[in-house]
There are 2 protein chains.
Amino acid sequence: METLMAAAASRCPVLSQASAASRETLMRHALLRHVERGTCIFSHGAAAESGYILMGGWIKITRTQPCGAISILTLHAPGETFGFADSIRRLPRSATAEAATDCTILSVSARSICQTMRSDSSFGNAILSHSFQQNDSLLQQLEALKIFSGIQRLACFLLRHAKPGNGRHIVRLPFHKHLVAHYLGLKPESLSRSLAKLKEYGVRTVPDGIEISNPGALEALIGETSDIRHREIA
Amino acid sequence: METLMAAAASRCPVLSQASAASRETLMRHALLRHVERGTCIFSHGAAAESGYILMGGWIKITRTQPCGAISILTLHAPGETFGFADSIRRLPRSATAEAATDCTILSVSARSICQTMRSDSSFGNAILSHSFQQNDSLLQQLEALKIFSGIQRLACFLLRHAKPGNGRHIVRLPFHKHLVAHYLGLKPESLSRSLAKLKEYGVRTVPDGIEISNPGALEALIGETSDIRHREIA
DNA sequence: CGCCCTCTTGAACCAGTTCAAGCGCAGTGG
DNA sequence: CCACTGCGCTTGAACTGGTTCAAGAGGGCG
């Protein structure tokens, strides 16, 4: 158990920047949990009592409109953290977190986070730089939504998640395509069609995921934007 | 001049949370500038040497793809800050900042920001909470892009920027509609058409901006999302 | 006045949605 | 063992929101 915690600490970019002493403090009040797919970790509007570190699996962060429409804001991979901002500010949850796959998560109490931030300035810096990074990835998503078409966004997504595996690049999708579609701002049907179109670019659906035989082609696809008209805007 | 600086400090949510002493330090190396519309404050890839506090006017933050397509990531109103993240991290600029109108800006050297962060923990907290807020607004933008139509996004934008002026709500648009369109992820023509459609909802273009006679109607428009199908997703 | 620039309008077009049907597969129960 | 059912995914056809390209209206300015 203790070793697992240590492993957590070294994997997580936030924790790894904290001093050994503060890691110790944080871990004393941390809780390791396994949850299965679909489990709600916290929900929009609830009181924020913990920050979470994702050890395994994928988490989706969503928000639901009064009318019932759901938007998927972010997806988190192992090693990433989520739910820190709310708990540090002690505000109600600004969104809902749900396990997109079976997950292993480490929850750290808000109180110990705040305490550690006060006592260990390097931990504070880690939190800040983490927030900046989150910001960057949101900006990237925004950019993609504003100027790329659905197919281009899909190509981006595939390239970003591709792991080079013996020669070819493979994207493992441990969760439903539903989820990917919504994350990309598409309907499932459109995603399916987009994937079909990407066959010409060397993208094939294989048993254990999606295979990319020619990453260069995808990059070229992203590069060519139809919207050349607005090179210059006031 | 000094009084103007003081005014700056009290207006800006980041500075106002800093101690008097750190404000003093920051202001000693601050520089007040007036720039006219179209001036580039900093550009993507350049070294980040300052954070900026916007005293008057509007700033747009953009990013340009290799192919020449430009996306407008954020718009900043008076009182807001921009360019802090890059300068604190000492990374190259992650985007370009340009004056969308004539602007008055206060630039604070990266060095004095970092110095102050080290000496005054409440300033560090202010920066952190600022980053969190930025995060929130990006999430809101993302959400809007993923589930709202262009007209709904426009309605959101109008409501958010409406100032109640003697009975009726008025949105002052000091900059080109071009800019608003791109910010909303639309083409100028589409924005124009959307505005035309919003006439039925009590939105009129008046000499000094856009008038909203019935905010409730706009809220209702945002509330009704066609995409009810996906109330429940895995 | 004529020129430039912003914004609007119109008509054809395209990406993505909607609704509906069909496929393949796992789980269930006869 | 095979039919039955439910679910995720794909495919097809009609439709819609937004884009594209082109033309025109209005306003400020030399």
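Please read these numbers as outputs of a predicted model, since none were measured by experiment. Residue numbers start from 1 in every chain, and the chains themselves are labelled A, B, ... in the order their sequence lines are given, proteins ahead of strands.
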Nearest-Å distance for atom pair [atom1]/[atom2], residues [X] and [N]:
X       : N       : atom1 : atom2 : value
L145(B) : dG17(D) : CG    : P     : 18 Å
K146(A) : dG18(D) : NZ    : C1'   : 16 Å
I151(A) : dC14(C) : CD1   : C1'   : 11 Å
L184(B) : dG17(D) : CG    : C1'   : 15 Å
F148(B) : dT17(C) : CZ    : P     : 16 Å
K187(A) : dG17(D) : NZ    : P     : 13 Å
L179(B) : dT6(C)  : CG    : P     : 12 Å
L154(B) : dT8(C)  : CG    : P     : 11 Å

Exercise for review: Can you run down the salt bridge (charged side-chain N to carboxylate O under 4.0 Å, His left out) pairs that involve residues 210-221 of chain B, sequence neighbours left out, and say none if there aren't any?
Suggested key: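 For residues 210-221 of chain B: R168(B)-E211(B), R204(B)-E211(B).
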Point to revise | Sub-4.0 Å heavy-atom contacts from residues 191-204 of chain A onto DNA chain D, ordered by number | key: S192(A), R193(A)
Can you tell me which nucleotide in [options] comes closest to the side chain of [X]?
X       : options                   : answer
E189(B) : dA22(D), dG18(D), dG16(C) : dA22(D)
L186(B) : dT20(D), dC9(D), dG18(D)  : dG18(D)
S190(B) : dT17(C), dC7(C), dT19(D)  : dT19(D)

Practice item. Output all residues satisfying side chain to side chain contact (heavy atoms under 4.5 Å, CB included) with A196(A), sequence neighbours left out; order by chain, then residue number. Key: none
Exercise for review: Please identify each residue that fulfils side chain to side chain contact (heavy atoms under 4.5 Å, CB included) with P174(A), with sequence neighbours left out.
Suggested key: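 W58(A), T101(A).
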Pick out the pairs of N or O atoms, protein on one side and nucleotides 25-28 of chain C on the other, that lie under 3.5 Å.
none

Review point. Can you list every pair that meets side-chain hydrogen bond (donor to acceptor under 3.5 Å, both in side chains) and has a residue in residues 68-78 of chain A, with sequence neighbours left out?
Key: T74(A)-H76(A), H76(A)-E80(A)
Partners of [X] by side-chain hydrogen bond (donor to acceptor under 3.5 Å, both in side chains), sequence neighbours excluded?
X       : answer
D102(B) : none
T96(B)  : none
R63(B)  : E143(A)
S131(A) : S131(B)

Report each atom pair, protein N/O against N/O of nucleotides 23-30 of chain D, whose distance is under 3.5 angstrom.
none

Review point. Taking atom NZ of K146(B) and atom CG of L145(A), what is their separation to the nearest 0.5 Å?
Key: 6.0 Å
Using a 4.5 Å cut-off on heavy atoms from C-beta on, say whether the side chain of [Y] contacts that of [X].
X       : Y       : result
C156(B) : L159(B) : no
L179(B) : L75(B)  : yes
L73(B)  : T62(B)  : no

Check your understanding: Quick one: stems for DNA chain C, with Watson-Crick or G-U pairs under 3.5 Å, at least three in a row?
Key -> C:1-30 with D:1-30
Review point. Under the 3.5 angstrom rule, does the side chain of K177(A) hit a backbone N or O of L191(A) as a donor-acceptor pair?
Key: no
Check your understanding: Given the side-chain rings of Y52(A) and F84(A), with only the six-membered ring counted for Trp, is the space between their centroids under 6.0 Å?
Key ->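 Ring centroids of Y52(A) and F84(A) are no less than 6.0 Å from each other.
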